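Below: the structure, in structure tokens.
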Amino acid sequence: MKLRLSDTLKRQKVDFVPKNPQRVTMYVCGPTVYNYAHIGNARPVVVFDVLFRLLRHLYGEEAVIYARNITDVDDKINQKAMAEGVDINVITSKFADIYNADMRALNALEPTIQPRVTQNMNAIVAQIEALIRNGHAYAAEGHVLFDVESYKAYGALSNRSLDDMIAGARVEVAPYKKNPQDFVLWKPSKPGEPKWPSPWGEGRPGWHIECSAMIEANLGLPIDIHGGGHDLIFPHHENEIAQGVCAQHGHSHQEESYARYWMHNGFLTMDAEKMSKSLGNVLLVHDLIKEFPGEVIRLALLSAHYRAPLNWTRELLEQSRKELDYLYGVLLRHKAIETWVPSERQACNEREGALLGALLDDLNTPSAKAKLFDLANNLEHLSNPNVERTEDAAEVAPTAASLVKHEFLLLAGVLGILQQDPEAWFKGGADDDLSAKVEALLEARKTARAEKNWAEADRIRNELTALNVEVMDGPAGATWKLKA
RNA sequence: GGCCUGAUGGCGGAGCGGUUACGCAGCGGAUUGCAAAUCCGUGUAGCCCGGUUCGACUCCGGGUCAGGCCUCCA
């Protein structure tokens with residue numbers, strides 16, 4: 001089984017070969033914690049969570065180390081802390097917790113490590129010192145700047161030349177910069193702002209150096225996969241490469257010596273427009289999970305290929321909910337079928353290659369979804385009494401169905417969906433009181449139906465409808481679900 | 001101005017140089033006391049103009065349109 005990924009730096013789809021299969025490393029740029037995450041922030045989280053799950057399946061759970069940072073040093077954090085008259089820790093710990101809870105609601109596994117800027121100051125200062133020592137950075141007026149002219153490959157990731165960048169620059173150039181494109185590694189803090197000691201005076205790090213220093217300190221170089229949103233390619237990731245490569249002792253100016261594969265997810269739009277505060281179309285995950293199950297949001301985020309743009313609409317959510325209703329319905333109807341369990345770890349076999357093929361081909365989640373429906377359909381066919389079949393097929397069915405169910409759950413597991421009890425899914429937010437009431441009404445209806453008292457049976461069903469409950473009669477009796 | 005995406009049926013959305021993607025919705029049928037759920041069947045496509053080819057939605061060239069980046073925004 002071969003994993004292929006689209007590499008932004010190489011500009012093509014390539015075979016993924018980890019530097020060390022015993023220790024596969026991945027880093028994804030995480031949030032700056034000063035407010036709630038919006039749905040666009042959730043896309044890379046879910047996309048790279050699928051990759052994390054796939055890598056764990058391929059290389060083993062213990063072999064994959066996934067780091068997603070928490071940026072807890074930032075101007076916006078300072079502003080918010082100042083406005084509320086509290087320490088920045090109050091703001092950052094609050095929003096880091098909310099962020100993690102919101103992402104957990106989307107079935108995103110917790111990354112192996114979540115490095116924080118405030119806990120990596122020594123590493124950041126050390127990397128800046130290394131850059132100065134290697135002749136790639138200079139101190140000026142309390143600032144330390146990266147000298148872009150000193151790194152020949154600068155612009156390789158975003159495919160732009162220094163000349164282009166200068167031509168396109170719209171920012172006023174600070175007088176202490178040697179080159180307009182030189183970017184800040186360290187800057188002095190203004191009075192009242194949080195500050196940390198450094199050889200260049202008290203201050204705080206620039207944004208880009210935080211990530212490259214945390215990567216070096218927490219994962220070691222080079223890492224295998226570096227991911228993030230499309231918008232981070234320039235300047236953030238371009239600068240990270242420059243720093244990560246140039247800080248290394250005796251470095252060879254090879255971009256791959258920092259990160260071996262670069263992946264970027266496409267943007268999410270709201271009615272074909274970028275989400276932004278000025279347009280007033282920001283949709284918070286925190287609010288959305290009150291209205292839709294996290295799994296619905298997750299499936300909607302995976303409905304398009306990760307590199308393609310994704311237009312976020314109400315209809316997309318409704319469709320995703322219906323799809324999950326169907327798939328959980330299949331699981332509910334085949335609850336009795338025991339899932340086949342491989343006797344030992346059977347990695348890399350042919351069946352599994354076909355099963356995960358779509359995901360192995362650059363995380364093709366829409367195609368994987370189609371495969372899931374295919375398996376669901378097989379499961380129905382193998383055991384649904386409404387489907388005509390020959391007699392010997394019926395005999396094969398139990399074993400075959402058990403295998404299909406295993407494959408269905410395996411694929412769904414890598415996608416991070418369909419792992420809960422189907423009854424729990426359909427009962428959704430129903431509390432115990434409501435559940436008990438519904439069960440009692442269903443029992444009464446069962447009796448009425450047995451007596452062919454259709455009027456009473458329908459009256460009970462209407463009562464259930466009034467409770468927002470939908471009844472599904474089946475050969476094994478009636479089940480129910482809470483309507484949206 | 002430079003760089004980068006994308007354009008597929010009513011909607012969402014893949015693969016593929018010739019054969020049904022898949023899903024949602026619709027329609028017809030089966031099943032059901034009636035419904036729902038389920039099953040079977042089914043219509044609708046490839047932005048425009050050229051080119052390559054026996055054959056292009058798929059490859060090449062040129063347009064058009066939409067979105068993003070070039071400002072510490074995923």
Side-chain angles (χ1 to χ4, degrees), chain A residues 8 11 28-32 37-48 71 73-76 155 158-161 163-172 181 183-184 206-208 210 227-236 238-239 264-269 272-277 299-300 303-305 307-311 313 315-316 318-323 325-327 329-330 332-333 358 361 364-374 376-377 380-381 384-388 426 449 452-455 457-458 461-462 465 470-475 478-481 483:
Chain A
T8 310
R11 270 169 257 286
V28 174
C29 291
T32 301
H38 60 64
I39 187 65
N41 295 317
R43 192 176 189 195
V45 173
V46 168
V47 163
F48 289 103
T71 299
V73 174
D74 181 87
D75 282 343
K76 279 175 250 163
S158 54
N159 191 30
R160 39 189 105 194
S161 69
D163 291 345
D164 290 344
M165 288 183 246
I166 292 161
R170 282 186 257 148
V171 204
E172 208 170 314
Q181 298 310 312
F183 53 90
V184 170
W207 177 38
H208 315 299
E210 298 169 350
H230 197 252
D231 58 325
L232 292 181
I233 294 173
F234 190 89
H236 187 52
E238 192 72 73
N239 292 354
H264 293 95
N265 63 273
F267 250 62
L268 183 147
T269 56
E273 273 184 318
K274 182 179 175 172
M275 213 184 303
S276 74
K277 278 182 190 160
L299 188 59
S303 67
H305 184 87
R307 280 183 301 125
L310 175 65
N311 195 30
T313 62
E315 290 69 36
L316 177 63
E318 299 294 354
Q319 181 177 331
S320 300
R321 185 207 292 276
K322 282 174 192 160
E323 289 173 344
D325 272 346
Y326 170 74
L327 294 170
V330 173
L332 184 64
R333 286 189 291 282
D361 183 15
N364 192 333
T365 52
S367 185
K369 223 175 88 180
K371 179 73 182 168
L372 212 50
F373 274 92
D374 184 43
N377 202 249
E380 288 286 358
H381 281 210
N384 193 307
N386 289 336
V387 179
E388 287 183 30
F426 285 115
R449 292 184 74 212
K452 296 200 190 296
N453 185 350
W454 309 129
D458 289 351
R461 191 167 63 202
N462 287 339
T465 305
E470 192 167 296
V471 181
M472 297 174 287
D473 289 323
T479 53
W480 59 281
K481 73 173 176 184
K483 281 190 286 192

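All figures in this text were calculated on a predicted structure; none of them were measured in a lab. The sequence lines fix the lettering, A, B, ..., with proteins before strands; numbering per chain opens at 1.
Across V330(A) and A376(A), no two heavy atoms sit closer than the pair CG1-O, 3.9 Å. Between F267(A) and R43(A), the closest heavy-atom pair is O-NH1, 3.2 Å.
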Salt bridge (charged side-chain N to carboxylate O under 4.0 Å, His left out) between K322(A) and D325(A), intermediate numbers included: CA-CA 5 Å; K322(A) 282 174 192 160; D325(A) 272 346; over 6 Å; no

Chi angles and distances behind the side-chain contact (heavy atoms from CB on, under 4.5 Å) call for N265(A), F48(A): CA-CA 9 Å; N265(A) 63 273; F48(A) 289 103; 4.0 Å; yes

Salt bridge (charged side-chain N to carboxylate O under 4.0 Å, His left out) between K369(A) and E323(A), worked out: CA-CA 10 Å; K369(A) 223 175 88 180; E323(A) 289 173 344; 3.1 Å; yes

From CA spacing to verdict: side-chain contact (heavy atoms from CB on, under 4.5 Å), F426(A), T479(A): CA-CA 9 Å; F426(A) 285 115; T479(A) 53; over 6 Å; no

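Nearest nucleotide to the side chain of L316(A), out of G12(B), G13(B), C4(B): G12(B). When the nucleotides G6(B), G33(B), G15(B) are ranked by their closest atom to the side chain of N364(A), G15(B) comes out on top. Here C34(B) is the nucleotide among C4(B), A37(B), C34(B) with the atom lying nearest to any side-chain atom of R449(A). For K76(A), counting side-chain heavy atoms from C-beta on, the closest listed nucleotide (G23(B), A36(B), C73(B)) is C73(B). Comparing C11(B), A74(B), C40(B) by their closest approach to the side chain of Q319(A) singles out C11(B). Nearest to the side-chain atoms of N41(A) among the listed nucleotides G68(B), A74(B), A21(B) stands A74(B). Listed nucleotides C72(B), A74(B), A36(B) differ in distance to W207(A); the shortest reach to its side chain belongs to C72(B). When each of A36(B), G2(B), G13(B) is scored by its nearest atom to the side-chain atoms of R160(A), the top-ranked nucleotide is G2(B). For E380(A), counting side-chain heavy atoms from C-beta on, the closest listed nucleotide (A14(B), C39(B), C72(B)) is C39(B). In this structure, of C39(B), U5(B), C22(B), it is C39(B) that holds the atom nearest to the side chain of N377(A).
Put simply, CG on N311(A) is 13 Å from C1' on A7(B), counting in whole angstrom units. Between the CD atom of E318(A) and the C1' atom of G23(B) there is a distance of 15 Å, rounded to whole Å. Note: CZ (F234(A)) to C1' (C3(B)) measures 10 Å, nearest angstrom. Rounded to an integer number of Å, the gap from D231(A) CG to C72(B) C1' is 11 Å. For the pair D374(A) CG and C39(B) P, the computed distance is 13 Å after rounding to whole Å. Rounded to an integer number of Å, the gap from NE2 of H264(A) to P of G67(B) is 23 Å. Between the CZ atom of F183(A) and the P atom of C70(B) there is a distance of 15 Å, given to the nearest Å. Here C4(B) presents its C1' atom at 12 Å from CZ of R307(A), a figure rounded to the nearest Å.
Heavy atoms of G329(A) sit nowhere under 4.0 angstrom from any nucleic acid atom. Within the nucleic acid shown, L268(A) comes within 4.0 Å of at least one base atom, counting heavy atoms only. Within the nucleic acid shown, D458(A) comes within 4.0 Å of at least one base atom, counting heavy atoms only. Among the heavy atoms of the strands, none lies under 4.0 Å from H236(A). Nucleic acid contact for K322(A): sugar-phosphate only, since backbone atoms but no base atoms lie under 4.0 Å from a heavy atom of the residue. Here D473(A) lies in heavy-atom contact (under 4.0 Å) with a base.
Across all strands shown, G55(B) remains unpaired; no Watson-Crick or G-U wobble contact has both distances below 3.5 Å. Using the Watson-Crick or G-U wobble rule with both distances under 3.5 Å, C34(B) pairs with nothing in any strand shown. In this structure C65(B) sits in a base pair with G6(B), meeting the Watson-Crick or G-U test at under 3.5 Å. In this structure, G1(B) forms a base pair with C70(B), meeting either the Watson-Crick or the G-U wobble geometry with both donor-acceptor distances under 3.5 Å. When both distances must be under 3.5 Å, the Watson-Crick or G-U wobble mate of G41(B) is C27(B).
For the P atom pair drawn from G33(B) and C27(B), the interatomic distance equals 24 Å after rounding to whole Å. If you take atom C1' in A25(B) and the same atom in G12(B), they sit 11 Å apart, rounded to whole Å. Between the C1' atoms of G55(B) and G62(B), the separation comes to 23 Å (whole Å). Taking atom P on both G41(B) and C22(B), the two are 11 Å apart, rounded to the nearest angstrom. Rounded to the nearest Å, the gap between the C1' atom of A7(B) and that of A14(B) is 15 Å. The separation of G10(B) from G15(B), taken at their C1' atoms, amounts to 23 Å, rounded to a whole angstrom. Separating the P atom of A21(B) from that of U64(B) is a span of 32 Å, rounded to the nearest Å. Using atom P as the reference point in both C48(B) and U8(B), the two lie 11 Å apart (nearest Å).
OP1 or OP2 of C4(B) sits under 4.0 Å from a side-chain N or O of N159(A). Phosphate proximity of C22(B) to Y326(A): absent, as no side-chain N or O sits under 4.0 Å from OP1 or OP2.
Ring-base stacking between F267(A) and G67(B) is not satisfied when judged by a centre separation under 5.5 Å and a plane angle under 30°.
In this structure, E470(A) and A376(A) both approach RNA chain B, and ranking their closest nucleotides by distance from the 5' end singles out E470(A). Residues K481(A) and E323(A) each lie close to RNA chain B; by heavy-atom proximity, the contact nearer the 5' end of the strand is made by E323(A).
No hydrogens or angles considered: nothing links the side chains of E315(A) and Q319(A) as a donor-acceptor pair under 3.5 Å.
Applying the salt bridge (Lys or Arg N to Asp or Glu O under 4.0 Å) test to R11(A) and every residue at least two apart in sequence or in another chain returns nothing.
Contact annotation: side chain of R461(A) to base of A35(B), donor-acceptor pair present below 3.5 Å.
Note: H236(A) and H208(A) have tilted aromatic rings, judged against thresholds of 30 and 60 degrees for the angle between ring planes.
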